[in-house]
2 protein chains.
Amino acid sequence: MSVPPRYRARSRVDVSGEESRAKAVAVATELFALTGFKGTSVAAVAARTGLSQSGLLHHFPSKAALLTAVLEERDRQDGDFLAGSAGPPLGWAAFDALGALVARNSTRPHLVGLFVRLAAEATEPAHPAHGWVQEHYSGLRRWLTDAVHAGQARGEISQDAPVGSLVRMTIAVVDGLQQQWLLHPDEMSMTAEFEAFTATLRARWGR
Amino acid sequence: MSVPPRYRARSRVDVSGEESRAKAVAVATELFALTGFKGTSVAAVAARTGLSQSGLLHHFPSKAALLTAVLEERDRQDGDFLAGSAGPPLGWAAFDALGALVARNSTRPHLVGLFVRLAAEATEPAHPAHGWVQEHYSGLRRWLTDAVHAGQARGEISQDAPVGSLVRMTIAVVDGLQQQWLLHPDEMSMTAEFEAFTATLRARWGR
DNA sequence: AACCACCGACCGTGTGGTCGGTCGGTATAT
DNA sequence: ATATACCGACCGACCACACGGTCGGTGGTT
């Protein structure tokens with residue numbers, strides 16, 4: 001004697017689907033950034049997207065799939081940025097490009113939050129984004145290492161420079177500054193601090 | 001008609017209470033480090049401690065209280081370390097002390113994990129450890145800033161050094177190296193990387 | 001008798017995910 | 001021109017489970 005279910009009148013026409021999907025990714029990006037992956041519920045994303053939970057799950061089979069979509073979108077947006085229009089930047093130009101990325105990130109705190117939280121959460125090997133984070137770091141390191149080597153080849157960077165350490169500490173500075181900036185956004189400028197760092201680098205290993 | 005509850009035979013004698021408490025804190029430290037605060041259940045901590053969930057909650061009224069205890073314990077263990085026996089270290093000695101702390105942390109990955117995960121999680125203002133993390137950073141920055149100023153006063157560090165940036169980038173390097181180390185523990189040495197960094201600093205602003 | 005350490009049962013809430021269904025639109029057959 | 005078949009988008013109801021936390025106890029020690 002199950003009562004036949006009632007359905008709300010459709011409040012508006014179904015949007016194109018692709019549109020809903022995109023909005024969901026945007027919302028998820030923001031929420032994951034704010035409260036982390038574990039700390040964000042599918043229902044919350046759905047609500048802010050304007051869908052029911054099942055509606056959202058219609059586009060993404062699972063929460064992890066949603067995360068993957070978010071990550072892919074971020075890669076797509078940032079991917080070209082460091083690549084440069086005419087091949088990847090070499091030598092100190094790579095550090096400038098990184099500085100430009102930092103400046104750009106200063107405009108988008110939610111993306112920074114997303115990354116910082118995710119990088120920490122995904123340290124756990126079982127985390128759905130663990131592989132992604134590992135690859136992200138490896139890729140970044142390879143990119144910067146190549147640039148430094150090229151800089152040495154053209155005599156722009158000293159042959160004595162400890163390339164590996166240089167690369168690692170540069171990435172470390174970027175990450176660490178993000179952490180501090182999220183904690184006290186208006187007490188500091190990531191851009192300025194990063195430039196102070198690269199200035200020190202140039203003074204030590206330049207020319 | 002509630003059935004009178006059965007009780008398992010006590011498997012072993014009640015331990016001293018203080019002992020259970022301490023063990024719970026140790027276990028919680030490890031679990032929080034592994035899966036974060038949000039990602040760790042009270043039940044899991046209880047199980048690994050050898051208590052029931054209620055037994056654990058007998059010692060700590062809430063999960064947040066357990067976190068507080070963990071944090072206090074960490075402060076207690078690390079607090080004296082940077083202080084030094086005869087007053088806080090000044091000038092470059094402070095960087096050496098920091099290096100020693102990094103070296104010590106290389107021995108205790110779970111503490112590093114705890115801090116990295118917590119620092120990221122607690123970026124969210126509503127997080128129970130938000131205040132703690134903010135204070136932790138402020139305190140660290142003040143400590144290092146004072147040390148650098150003292151170093152300048154005794155002519156050990158250049159007057160031209162941008163103190164604020166120097167402090168911020170140093171802390172950033174420590175944090176960033178921890179992140180990388182957690183991701184690829186046996187591909188790098190935090191200690192070596194940190195020393196390479198301080199060497200650069202000394203070369204640029206020393207004497 | 002009082003106290004302490006501890007436990008089992010239970011509760012309300014929130015979780016990710018499934019299921020069967022409705023609806024508008026479009027392609028096709030007649 | 002109309003009927004039919006199908007599809008993608010979406011929803012409400014529901015589920016099993018895990019969560020943090022409460023409550024009323026027991027059993028040993030002092």
Side-chain angles (χ1 to χ4, degrees), chain A residues 1-25 27-28 31-32 35-70 121 126-129, chain B residues 1-25 27-28 31-32 35-70 121 126-129:
Chain A
M1 46 108 154
S2 56
V3 182
R6 307 286 166 65
Y7 290 91
R8 256 196 325 165
R10 193 66 54 95
S11 57
R12 49 182 174 66
V13 204
D14 288 359
V15 274
S16 77
E18 205 53 50
E19 203 172 314
S20 292
R21 220 192 111 96
K23 177 156 193 196
V25 170
V27 169
L31 289 214
F32 289 166
T35 43
F37 176 70
K38 282 180 186 166
T40 303
S41 71
V42 178
V45 177
R48 301 262 269 251
T49 307
L51 290 180
S52 71
Q53 177 174 340
S54 356
L56 177 67
L57 257 5
H58 164 73
H59 294 285
F60 308 91
S62 73
K63 194 188 180 186
L66 178 56
L67 175 60
T68 301
V70 167
E121 264 186 31
H127 194 282
Chain B
M1 52 106 124
S2 56
V3 183
R6 307 286 166 66
Y7 290 91
R8 255 196 328 167
R10 193 65 54 94
S11 58
R12 52 182 170 66
V13 204
D14 289 357
V15 274
S16 78
E18 205 51 49
E19 203 171 313
S20 292
R21 218 194 112 96
K23 179 159 192 194
V25 170
V27 169
L31 286 235
F32 288 166
T35 43
F37 176 70
K38 282 180 186 166
T40 303
S41 70
V42 178
V45 177
R48 300 261 268 252
T49 308
L51 291 179
S52 71
Q53 179 176 339
S54 356
L56 177 66
L57 256 4
H58 165 72
H59 293 285
F60 307 92
S62 74
K63 194 190 182 188
L66 178 57
L67 175 60
T68 301
V70 166
E121 264 188 31
H127 195 283

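So that the names make sense, note that chain A is the first sequence line, chain B the second, and so on, each numbered from 1.
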Nucleotides 14-19 of chain C: protein proximity per nucleotide (B base, S sugar-phosphate only, - neither; heavy atom, under 4.0 Å):
-SBBBB
For residues 56-70 of chain B, run the donor-acceptor check on the side chains, cut-off 3.5 Å, and write out each pair with its distance to 0.1 Å, sequence neighbours left out.
{"unit_1": "B/S62", "atom_1": "OG", "unit_2": "B/A64", "atom_2": "N", "d": "3.4"}
{"unit_1": "B/S62", "atom_1": "OG", "unit_2": "B/A65", "atom_2": "N", "d": "3.2"}
{"unit_1": "B/K63", "atom_1": "NZ", "unit_2": "B/F37", "atom_2": "O", "d": "2.8"}
{"unit_1": "B/K63", "atom_1": "NZ", "unit_2": "B/T40", "atom_2": "O", "d": "2.8"}
{"unit_1": "B/T68", "atom_1": "OG1", "unit_2": "B/A64", "atom_2": "O", "d": "3.1"}

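Not one side-chain nitrogen or oxygen of B/H58 sits closer than 4.0 Å to the OP1 or OP2 atom of C/dC6.
Between A/R21 atom CZ and D/dC10 atom P the separation is 12 Å, expressed in whole Å. Rounded to whole angstrom, the span from the CD atom of B/E19 across to the C1' atom of C/dC6 amounts to 15 Å. We find that CG of B/L56 is positioned 10 Å from P of C/dC6, with the value rounded to whole Å. The nearest whole Å value for the distance from the CD atom in A/E18 to the C1' atom in D/dG8 is 12 Å.
Every residue two or more places apart in sequence or in another chain that forms a side-chain contact (heavy atoms from CB on, under 4.5 Å) with A/A43 is listed here: A/S41, A/Q53.
Here the CZ atom belonging to A/R48 is positioned 10.5 Å from the NZ atom belonging to A/K23, to the nearest 0.5 angstrom.
Sorted by first and then second residue, the pairs that involve residues 35-46 of chain A and meet salt bridge (charged side-chain N to carboxylate O under 4.0 Å, His left out), not counting sequence neighbours, are A/K38-A/E124.
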